[in-house]
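Just so you know, these numbers come straight off a predicted model, no measurement behind them.
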Amino acid sequence: LDDSTNGGLHGVLYFAGTPPERYKLGAASSPECQHNLDVDQLSNIVLVSDGKLANVFVTLKSAVDAASVPPPPTTSVRLDQKGCMYVPRVVALRVGQTLEILNSDPTAHNVHLQARKNKGSNRSMGAAQKPLEVVFDTRELGILAKCDIHPWMGAQVHVESHPWFAISDA
């Protein structure tokens, strides 16, 4: 969307106080998870860098004119399983847009989407398996994606009915 036509929202999210200490997750000590050393294998319940808060889903809550909402993009949003972690750990997409889930690890995972409003799923995903594709038909924020094989793996999936949302970066 073009900011000059549709408006735009830009900002920074700051964290006040002392953020919780990040700790190693199970992937850091699991032999099958040591092949993607570039992947952050620390907890990220609150992720702060230089006082700025990352991985926060921000959305326009009201004043959305349903008649002005464009159709969802035809491009997919990707969620990868890499280093026995979900990368990225927070994703957002539109109702009707495809979530593509990949397995870049040489080990099996289990993709367990715990949706409340949309149809949930719980599927095994082997190494080198072709990506899973999921399309959500209802707005739902905070769908948990987890792996039942590697219990530390988790990601949040946000499905929005309009395009005016973002996820904060570092």
Side-chain angles (χ1 to χ4, degrees), residues 13 19-50 52-59 71-163 165-170:
L13 299 170
E21 204 57 43
R22 296 183 75 206
Y23 54 89
K24 288 183 180 181
L25 297 172
S29 61
S30 186
E32 77 261 21
C33 303
Q34 299 307 307
H35 45 274
N36 284 307
L37 299 178
D38 61 318
V39 174
D40 180 1
Q41 296 178 331
L42 299 174
S43 66
N44 71 334
I45 294 171
V46 176
L47 190 55
V48 178
S49 177
D50 294 326
K52 298 172 186 165
L53 195 55
N55 289 342
V56 176
F57 174 75
V58 180
T59 185
T74 57
T75 55
S76 298
V77 171
R78 288 185 155 192
L79 181 60
D80 199 354
Q81 297 166 106
K82 186 176 178 184
C84 296
M85 300 294 294
Y86 279 109
V87 179
R89 295 192 205 172
V90 180
V91 295
L93 66 156
R94 296 273 310 280
V95 169
Q97 190 175 11
T98 300
L99 176 64
E100 184 179 42
I101 305 169
L102 296 91
N103 183 0
S104 295
D105 285 336
T107 189
H109 290 294
N110 150 261
V111 179
H112 191 171
L113 296 172
Q114 296 182 323
R116 297 169 308 282
K117 296 179 181 178
N118 287 281
K119 184 179 178 185
S121 66
N122 193 352
R123 296 186 266 181
S124 178
M125 188 168 193
Q129 181 176 329
K130 83 176 206 181
L132 298 175
E133 292 186 346
V134 180
V135 177
F136 300 97
D137 58 9
T138 304
R139 176 186 187 268
E140 184 172 350
L141 307 181
I143 297 170
L144 176 62
K146 61 181 251 172
C147 175
D148 296 326
I149 298 169
H150 305 99
W152 59 82
M153 287 179 65
Q156 289 288 315
V157 178
H158 300 286
V159 182
E160 186 55 274
S161 58
H162 59 73
F165 61 83
I167 297 170
S168 64
D169 59 21

Please give me the minimum heavy-atom distance between [X] and [Y], naming the atom from each residue.
| X | Y | answer |
| --- | --- | --- |
| Val95 | Ser161 | CG2-CA, 4.0 Å |
| Pro71 | Arg94 | O-NH1, 3.5 Å |
| Ala155 | Pro88 | CB-O, 4.1 Å |
| Leu42 | Arg22 | O-NH2, 3.3 Å |
| Ser29 | Gln34 | N-NE2, 4.0 Å |

Backbone N/O of [Y] and side chain of [X]: donor-acceptor pair under 3.5 Å:
| X | Y | answer |
| --- | --- | --- |
| Tyr86 | Ala145 | no |
| Thr138 | Asn118 | no |
| Glu140 | Val159 | no |
| Gln156 | Val91 | no |
| Gln41 | Gly83 | yes |
| Trp152 | Ser43 | no |
| Gln81 | Asp105 | no |

Side-chain heavy-atom pair [X], [Y] within 4.5 angstrom cut-off:
| X | Y | value |
| --- | --- | --- |
| Glu32 | Pro106 | no |
| Val77 | Gln97 | yes |
| His158 | Val90 | yes |

If you round to the nearest 0.5 Å, how far is [atom2] of [Y] from [atom1] of [X]?
| X | Y | atom1 | atom2 | answer |
| --- | --- | --- | --- | --- |
| Met153 | His109 | CE | NE2 | 4.5 Å |
| Ser121 | Leu132 | OG | CG | 7.5 Å |
| Ser124 | Ile149 | OG | CD1 | 5.5 Å |
| Cys147 | Met125 | SG | CE | 11.0 Å |
| Ile101 | Arg123 | CD1 | CZ | 7.0 Å |
| Leu47 | Asp40 | CG | CG | 7.0 Å |

Item to check | Test side chain to side chain contact (heavy atoms under 4.5 Å, CB included) applied to Ile167 and Val58, step by step | outcome: CA-CA 6 Å; Ile167 297 170; Val58 180; over 6 Å; no
Item to check | Test log, rule side chain to side chain contact (heavy atoms under 4.5 Å, CB included), inputs Leu93 and Val157 | outcome: CA-CA 8 Å; Leu93 66 156; Val157 178; 3.8 Å; yes
Between [X] and [Y] (salt bridge meaning N to carboxylate O under 4.0 Å), is one present in this structure?
| X | Y | answer |
| --- | --- | --- |
| Lys82 | Asp38 | yes |
| Asp80 | Arg78 | no |
| Lys119 | Asp137 | no |

Item to check | Parallel, tilted or perpendicular, as decided by the 30° and 60° cut-offs, for the rings of Phe165 and Phe57 | outcome: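 Phe57 vs Phe165 ring planes: tilted.
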Checklist entry - Among Asp148, Leu113, Val111, which one satisfies side-chain contact (heavy atoms from CB on, under 4.5 Å) with Asn122? => result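 With Asn122 as partner, Asp148, Leu113, Val111 yield a single side-chain contact (heavy atoms from CB on, under 4.5 Å), made by Asp148.
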Checklist entry - Is there a side chain to side chain donor-acceptor pair (under 3.5 Å) between Gln129 and Asn103 once you walk through the steps? => result CA-CA 7 Å; Gln129 181 176 329; Asn103 183 0; over 6 Å; no
Checklist entry - Applying disulfide bond (SG atoms under 2.5 Å apart), which residue pairs with at least one partner in residues 109-144 are found, sequence neighbours left out? => result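 Applying disulfide bond (SG atoms under 2.5 Å apart) to every pair that reaches into residues 109-144, excluding sequence neighbours, yields nothing.
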Checklist entry - Regarding Thr98 and Glu133, is there a side-chain donor-to-acceptor distance under 3.5 Å anywhere? => result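 Result is no, nothing qualifies.
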